[in-house]
Amino acid sequence: MNAKELLEWYILSGVEETAGNEPFAQIENTSHIMPVLKTTIKKTEPNALRQATTALSQATQNACQNAREQCKNINDLSQLKSLVENFDGCALKLTATHTVFGDGDENARIIFIGEAPGADEDRIGKPFVGRSGQLLDKMLSAAGLERASCYITNILPWRPPGNRTPTDGEIAVCLPFLKRQIDLIKPDYIFIMGASAANALLDIQDSISRLRGHWLEYKDENGRSIPVLASFHPAYLLRNPAQKAKSWVDFLRLKQKMSEEENKQ
Ligand code: URA
C-alpha cells in the first residue's frame, strides 16, 4: 500500500487527525485491508443502511432520555460533574482525553457558553484555556469582569475529533447537562458564544450575525426567564479580527445591563 492509499484508508476508517509525528508509521500486511473495505462498503444493502440509521436514531433518543432522567436527581454541580464523567451515551467521550465540565464560580451572576472543547481544553480538562480562551480572558478583563467570578462552560463536554462540527444528535444528548448547570447556578445573565451554541440552547435556527446584539430570553427548567446575549465565538474572532469591534459592543451591552441592575438594588 502506498502513502496515498494508506491515507485514503485512514480517512475511510474515520481517522481525522494524527496524534503523533509519524502518521505513516509502518503497518505491515495492510494490502488485504483496502479491497475488503471497498467491497464491504459497496455491498452494504440500502436495507441494512436504513436499519443502521434507525438503530442509531433510537440509540440517540434513548441517550437523550437517559441524560434528562439522570439530571433530575442531581442537586449540585459536583454530583452533575460525576454524572457527566460517568455518562456513556455519547460516543464523543470515546475519542476525548478529558471530560471538560464547566468551570468557575458556582454562584456566578453570568454564565458564558461556548460550543465544545478544543485540543487544549481536551488535553487540560478545562473550558476555554487555549487561544480562544486567552481572547475570552482579555475581553472579560477589558469589560471589567473577572473570569473567576463567572462560570464558563460548553454545550458539549467532549471534544469532537478534529474539532469537527458536533452533530445534532451529540448536541441533543449533551444539552440536558448544560441545562442542569444553568438550573443549579441560576445566573442573572447568559452570554452565548457562536451560532451553534445559541441555536442549541435557544432551540432556534439563525445566524450569529442576526442573533447578536439583541437581548434574547432563555426559560430555565423551572420556567424562570434569563436574559441572553449571543455574540461571535472567540475562535471566529481570531480568524476575523475585524469583527472584534462588534463583539466588544456586545460585551459593553452586557456590562451596562449588569451595572443598571446593580444600581437598582
Ligand atoms: N471553543 C469552545 O467553544 N469551547 C472551548 O472550551 C474552547 C474553544
Side-chain angles (χ1 to χ4, degrees), residues 16-17 77 80-81 84-85 87 90 92-93 95-106 108 110-141 145-182 185 187 189-202 204 206-209 211-212 216 218 228-241 243-244 246-247 250-251 254:
E16 289 165 310
E17 64 181 317
L77 284 174
L80 185 58
K81 185 168 187 246
V84 177
E85 284 169 347
F87 184 76
C90 180
L92 289 178
K93 188 179 175 186
T95 47
T97 311
H98 280 108
T99 296
V100 180
F101 192 70
D103 180 51
D105 187 349
E106 302 197 354
I110 173 138
I111 295 190
F112 287 84
I113 303 172
E115 179 179 298
D120 292 318
E121 290 75 17
D122 181 50
R123 190 169 41 82
I124 294 168
K126 282 196 176 207
F128 283 98
V129 290
R131 284 187 69 220
S132 293
Q134 284 157 18
L135 178 57
L136 175 62
D137 287 351
K138 278 191 196 150
M139 297 185 86
L140 287 174
S141 120
L145 290 165
E146 265 187 60
R147 178 175 171 135
S149 62
C150 305
Y151 186 84
I152 299 179
T153 191
N154 282 302
I155 297 278
L156 299 176
W158 297 288
R159 179 192 185 214
N163 290 350
R164 66 160 169 74
T165 306
T167 64
D168 289 348
E170 288 159 354
I171 291 177
V173 170
C174 296
L175 206 52
F177 303 133
L178 173 68
K179 291 188 168 181
R180 195 69 190 138
Q181 286 172 81
I182 299 174
I185 292 169
Y189 310 96
I190 295 175
F191 192 95
I192 314 187
M193 298 170 284
S196 133
N199 285 324
L201 184 68
L202 302 175
I204 50 176
D206 216 335
S207 72
I208 196 65
S209 310
L211 289 172
R212 65 154 289 275
L216 307 164
Y218 169 73
V228 173
L229 208 51
S231 192
F232 297 114
H233 192 287
Y236 172 80
L237 296 176
L238 288 169
R239 292 192 304 271
N240 301 276
Q243 303 288 358
K244 281 185 187 169
K246 289 186 191 151
S247 208
D250 297 334
F251 268 79
L254 166 71

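Indexing begins at 1, ligand by ligand and atom by atom, following the structure's order. Please read these numbers as outputs of a predicted model, since none were measured by experiment.
Relative ring orientation between Phe191 and Phe112 is described as tilted, the plane-to-plane angle lying within the 30° to 60° band.
Protein heavy atom closest to atom 4 (N) of ligand 1, with residue, atom name and distance, is Asn154 OD1, 2.8 Å. At the top of the distance list for atom 5 (C) of ligand 1, counting protein heavy atoms only, stands Ala116 O, 3.4 Å.
Looking at Arg131, its side chain never comes within 3.5 Å of a backbone N or O of Leu238 through a donor-acceptor pair.
With a 6.0 Å radius and a threshold of 12 heavy atoms from other residues, nucleotides or ligands, Lys93 has its NZ atom above the threshold. Counted within 6.0 Å of CG on Asn240, heavy atoms from surrounding residues, nucleotides or ligands total more than 12; the atom is thus considered enclosed.
Note: Ile185 CD1 to Ile111 CD1 = 4.0 Å, rounded to the nearest 0.5 Å.
The closest heavy-atom contact to atom 7 (C) of ligand 1, among the options Glu115, Glu121, Met193, His233, comes from Glu121.
Here is the list of ligand 1 atoms found below 4.0 Å of a heavy atom in Gly114: 3 (O). Those atoms of ligand 1 with a heavy atom of Pro127 less than 4.0 angstrom away are 6 (O).
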